[in-house]
Amino acid sequence: MEFPFDINQLFPERISVLDHTLEAGGKFAGRPDLQACCATVIDELGKASARAQQLPAPVTSASKMKSQRHQLYLLKDGESNGGRGVVTGFLKIGYKKLFLLDLQSVHVEAEPLCVLDFYIVESLQRHGYGLEVFDFMLQDKNLDPVLMAYDRPSPKLLSFLANHYHLTENVPQVNNFVVFKSFFLNRSGNI
Ligand code: ACO
């Protein structure tokens, strides 16, 4: 995804971690122009993700990021677009308090880290970029993906999780979240 400004100036790292400040390490302080560019990138990614999932409205936007304690991992390719860089995709995560049905269909309360939105630019899907950003997040959080919950996962995400992390046995829920069997086995006594 190309933008009419320098992506490498905004996001020096291959993967940037953004929070409610929308700042990669506080470097936009006193630079409203850079903050506005960053907001444009997040808004455009959110819209593209919603289109790809046929959602009625984006679940990711700059204004939502500012008001929610979520983290967004943004992946770029710094060499494309004449050296100005392009954005390849993003992964958004956050903690949610959930009422889940366990293996005995008993309601339990948990507050797992959840995958809330995930998108790789169409022409670059199935090239390993999703895995790159997801693995980066898992290392950053030092987390096993089976301990996460997945908000309304698309068929592509379910295939991705089965393929890369062998997550196949999900436990039916009454909400939009998907968790896998070992979520409960690995957390017994903790939730
Ligand atoms: N059809 C079926 N499975 C797919 C597809 C597809 N078109 N694209 C990716 N996958 C799955 C497959 O398991 C694939 O492995 P395979 O090619 O051997 O079959 C695997 O993902 C490929 O892994 P990566 O290349 O690392 O994944 P990618 O870079 O494509 O990123 C992602 C995965 C983010 C799901 C991407 O396909 C995408 O943006 N899809 C559209 C948006 C979407 O559905 N996002 C998830 C929303 S749900 C949520 O966020 C909670």
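Numbering of ligands and ligand atoms starts at 1, following listing order. Just so it is clear, the structure is predicted and the values come from calculations on it, not from any experiment.
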Margin query: Can you tell me if Gln68 has over 12 outside heavy atoms packed within less than 6.0 Å of its CD?
Written below: yes
Check: Should you measure from each heavy atom of Leu157, which atoms of ligand 1 turn up under 4.0 Å away?
Finding: 46 (C), 48 (S), 49 (C), 51 (C)
Margin query: If I compare all heavy atoms of Cys38 with all of Leu22, which pair ends up nearest, and what's the gap?
Written below: SG-O, 3.3 Å
Next item on the list: Provide, to 0.1 Å, the distance between atom 51 (C) of ligand 1 and the closest protein heavy atom, together with that atom's residue and name.
Entry: Asp151 O, 2.9 Å
Next item on the list: Using the six-membered ring wherever Trp is involved, compare the ring planes of His107 and Phe99 and label them parallel, tilted or perpendicular (cut-offs 30° and 60°).
Entry: perpendicular
Check: How about Lys141: does its NZ atom have over 12 heavy atoms from other parts shown lying under 6.0 Å from it?
Finding: yes
Check: Heavy-atom contact under 4.0 Å between His164 and ligand 1?
Finding: yes
Notebook entry, point to check: What protein heavy atom sits nearest atom 17 (O) of ligand 1, and how far away is it?
Noted result: Arg126 NE, 2.9 Å
Next item on the list: Could you see which bit of Asn163 sits under 4.0 Å from ligand 1, with heavy atoms only: side chain, backbone, both or neither?
Entry: side chain
Check: So which protein heavy atom does atom 38 (C) of ligand 1 come closest to, and at what separation?
Finding: Gln125 NE2, 3.4 Å
Notebook entry, point to check: Looking at atom 33 (C) of ligand 1, what's its closest protein heavy atom, distance included?
Noted result: Phe160 CD1, 3.8 Å
Notebook entry, point to check: With atoms numbered from 1 as shown, which atoms in ligand 1 lie under 4.0 angstrom from a non-hydrogen atom of Asp117?
Noted result: 50 (O)
Next item on the list: Enter the distance from Leu158:CG to Phe180:CZ here, rounded to the nearest 0.5 Å.
Entry: 6.0 Å
Next item on the list: Consider only side-chain N and O atoms of Asp140 and Tyr73, and report whether a donor and an acceptor are under 3.5 Å apart.
Entry: yes
Next item on the list: Would you please determine whether Gly128 falls within less than 4.0 Å of ligand 1 on a heavy-atom basis?
Entry: yes
Next item on the list: Can you sort out which atoms of ligand 1 are near Leu131, meaning under 4.0 Å from one of its heavy atoms?
Entry: 26 (O)
Item checked: Protein contact to atom 42 (C) of ligand 1 [nearest heavy atom, distance to 0.1 Å] -> Phe118 O, 3.8 Å
Next item on the list: Classify the angle between the aromatic ring planes of His164 and Phe160 as parallel (below 30°), tilted (30 to 60°) or perpendicular (above 60°).
Entry: perpendicular
Next item on the list: Pull out every atom of ligand 1 sitting under 4.0 Å from any heavy atom of Arg152, numbered as shown with elements.
Entry: 48 (S)
Note to self: Quick test: of every protein heavy atom, which one is nearest to atom 7 (N) of ligand 1, and how far off is it to 0.1 Å?
What the structure shows: Lys156 CE, 3.1 Å
Check: If we only count N/O pairs under 3.5 Å, is His127 in contact with ligand 1?
Finding: yes
Item checked: Test item, Tyr119 contacting ligand 1 (heavy atom, 4.0 angstrom) -> yes
Check: Distance from Tyr129 atom OH to Lys76 atom NZ, nearest 0.5 Å?
Finding: 13.5 Å
Checklist line | Location of contacts on Gln53 toward ligand 1, heavy atoms closer than 4.0 Å | finding: side chain
Notebook entry, point to check: Which residue and non-hydrogen atom of the protein lie closest to atom 13 (O) of ligand 1, and at what distance in Å?
Noted result: Ser159 OG, 2.6 Å
Notebook entry, point to check: Among Ala149, Ala162, Gly130, Ser154, which one has a heavy atom closest to atom 43 (C) of ligand 1?
Noted result: Ser154
Next item on the list: Apply the test side-chain contact (heavy atoms from CB on, under 4.5 Å) to residues Glu2 and Ile7: give CA-CA distance (whole Å), side-chain angles for both, the deciding distance (0.1 Å), then the verdict.
Entry: CA-CA 8 Å; Glu2 290 182 11; Ile7 289 299; over 6 Å; no
Check: Thr60 and Ile42: side-chain contact (heavy atoms from CB on, under 4.5 Å), yes or no, with the steps?
Finding: CA-CA 7 Å; Thr60 299; Ile42 293 172; 4.0 Å; yes
Checklist line | Full working for side-chain contact (heavy atoms from CB on, under 4.5 Å) between Cys114 and Phe177 | finding: CA-CA 9 Å; Cys114 301; Phe177 284 82; 3.8 Å; yes
Next item on the list: Give the contacting part of Pro153 toward ligand 1: side chain, backbone, both or neither, where contact means a heavy-atom distance below 4.0 Å.
Entry: backbone
Margin query: Using a 3.5 Å cut-off on N or O atoms only, is Ala52 in polar contact with ligand 1?
Written below: no
Item checked: atom 39 (O) of ligand 1: the protein heavy-atom neighbour that sits closest, reported with distance to 0.1 Å -> Ile120 N, 2.8 Å
Next item on the list: Please report the C-alpha distance between Leu113 and Leu147 in whole Å, then the side-chain angles of each, then the deciding distance to 0.1 Å, and finally whether the side-chain contact (heavy atoms from CB on, under 4.5 Å) criterion is met.
Entry: CA-CA 8 Å; Leu113 195 58; Leu147 296 178; over 6 Å; no
Check: Is there a nitrogen or oxygen of Val115 sitting under 3.5 Å from a nitrogen or oxygen of ligand 1?
Finding: no
Note to self: Can a donor-acceptor pair be found, under 3.5 Å and without considering hydrogens, that links the side chain of Ser16 to the backbone of Pro12?
What the structure shows: no
